[in-house]
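Below you'll find the structure, written out as structure tokens, and then a few comments.
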Amino acid sequence: VEEKKPLVSHELPTKLSNYYLQLPATERFGFLRHFLQVPEVRNGKTIVFFLTCATVDYFHVLLRDLIDLRRASKKGNKKPDVIRIEKLHGQMDPTARSRAYEKFCK
């Protein structure tokens with residue numbers, strides 16, 4: 001009996017870059033916040049992976065609020081420039097998860 005293996009083809013985007021950095025735990029959040037605000041990063045799309053759904057929820061709120069507050073205070077409480085921080089994980093409502101994915105793909 002011949003075993004048939006499914007043909008799986010994955011095509012990677014030509015502009016995809018994958019980087020990682022190992023830092024002590026005490027330096028990670030400050031570095032991430034700074035990294036997400038660098039103009040070269042803000043002009044593109046970035047995915048940050050966390051270990052659990054709970055940490056995704058936590059850092060989504062924390063980063064969104066800190067980055068927006070810092071940018072708003074620099075401009076005299078005017079509406080801040082848009083820096084979209086979306087969350088995406090498997091325990092989200094399917095509709096919310098699809099919306100977040102669609103926003104990222106725009």
Side-chain angles (χ1 to χ4, degrees):
V1 174
E2 186 176 317
E3 183 180 335
K4 293 185 180 181
K5 295 181 181 179
L7 295 176
V8 178
S9 175
H10 297 284
E11 193 171 319
L12 294 176
T14 57
K15 293 183 179 181
L16 177 66
S17 297
N18 189 15
Y19 301 97
Y20 73 94
L21 181 65
Q22 293 182 342
L23 293 171
T26 56
E27 297 176 21
R28 290 178 190 160
F29 180 73
F31 178 85
L32 179 60
R33 186 183 65 186
H34 173 75
F35 174 77
L36 292 174
Q37 294 181 53
V38 172
E40 295 84 5
V41 173
R42 286 186 20 229
N43 292 335
K45 294 180 181 183
T46 303
I47 298 175
V48 179
F49 293 93
F50 292 100
L51 189 59
T52 67
C53 297
T55 54
V56 169
D57 289 336
Y58 175 78
F59 282 103
H60 172 252
V61 170
L62 191 61
L63 287 167
R64 183 191 62 205
D65 291 348
L66 280 176
I67 289 174
D68 288 348
L69 286 174
R70 288 175 57 91
R71 295 186 60 73
S73 66
K74 287 182 182 178
K75 297 193 176 191
N77 292 327
K78 293 180 184 176
K79 184 178 178 184
D81 293 339
V82 175
I83 298 176
R84 279 196 344 230
I85 297 181
E86 301 292 336
K87 68 176 181 175
L88 185 66
H89 63 69
Q91 291 182 358
M92 291 172 64
D93 171 74
T95 303
R97 190 171 55 238
S98 293
R99 269 191 262 127
Y101 178 74
E102 289 169 8
K103 286 180 186 178
F104 180 78
C105 290
K106 288 182 181 179

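We count residues from 1, following the sequence as given.
Here L88 contributes atom CG and H60 contributes atom NE2; the two are 10.5 Å apart, rounded to the nearest 0.5 Å. Atom NE2 of H89 and atom CZ of F49 lie 14.0 Å apart (nearest 0.5 Å).
At most 12 heavy atoms of other shown residues, nucleotides or ligands fall within 6.0 angstrom of atom CD in Q91. Other residues, nucleotides and ligands place more than 12 heavy atoms under 6.0 Å from the CZ atom of F50.
Hydrophobic clustering, with ILVMFWY side chains joined whenever heavy atoms are under 4.5 angstrom apart, groups L21 together with L32. Follow the hydrophobic side-chain contacts under 4.5 Å out from L51 and you never reach F31; the two are in separate clusters. No chain of hydrophobic side-chain contacts below 4.5 Å, direct or via other Ile, Leu, Val, Met, Phe, Trp or Tyr residues, connects F104 to V56. In the hydrophobic cluster analysis, where Ile, Leu, Val, Met, Phe, Trp and Tyr join through side-chain heavy atoms closer than 4.5 angstrom, V41 is grouped together with I85. By the rule that hydrophobic residues join a cluster once side-chain heavy atoms approach within less than 4.5 Å of another member, L62 and V48 end up as members of one cluster.
Not counting sequence neighbours, Y58 has no partner by the ring-ring contact (aromatic ring centres under 6.0 Å, His included) test. K103 pairs by the side-chain contact (heavy atoms from CB on, under 4.5 Å) definition with R84, E86, not counting sequence neighbours. When the side-chain contact (heavy atoms from CB on, under 4.5 Å) test is applied to T52, the partners found at least two apart in sequence or on another chain are A54, T55.
The two residues C53 and G90 make their nearest non-hydrogen contact at SG-N, 4.2 Å. The shortest non-hydrogen separation linking L63 to L36 is CD1-CD1, 3.9 Å.
At distances below 3.5 Å, not a single donor-acceptor pair connects side-chain atoms of K87 with backbone N or O atoms of F59. Side-chain N or O atoms of R97 include one that pairs as donor or acceptor with a backbone N or O of M92 at under 3.5 Å.
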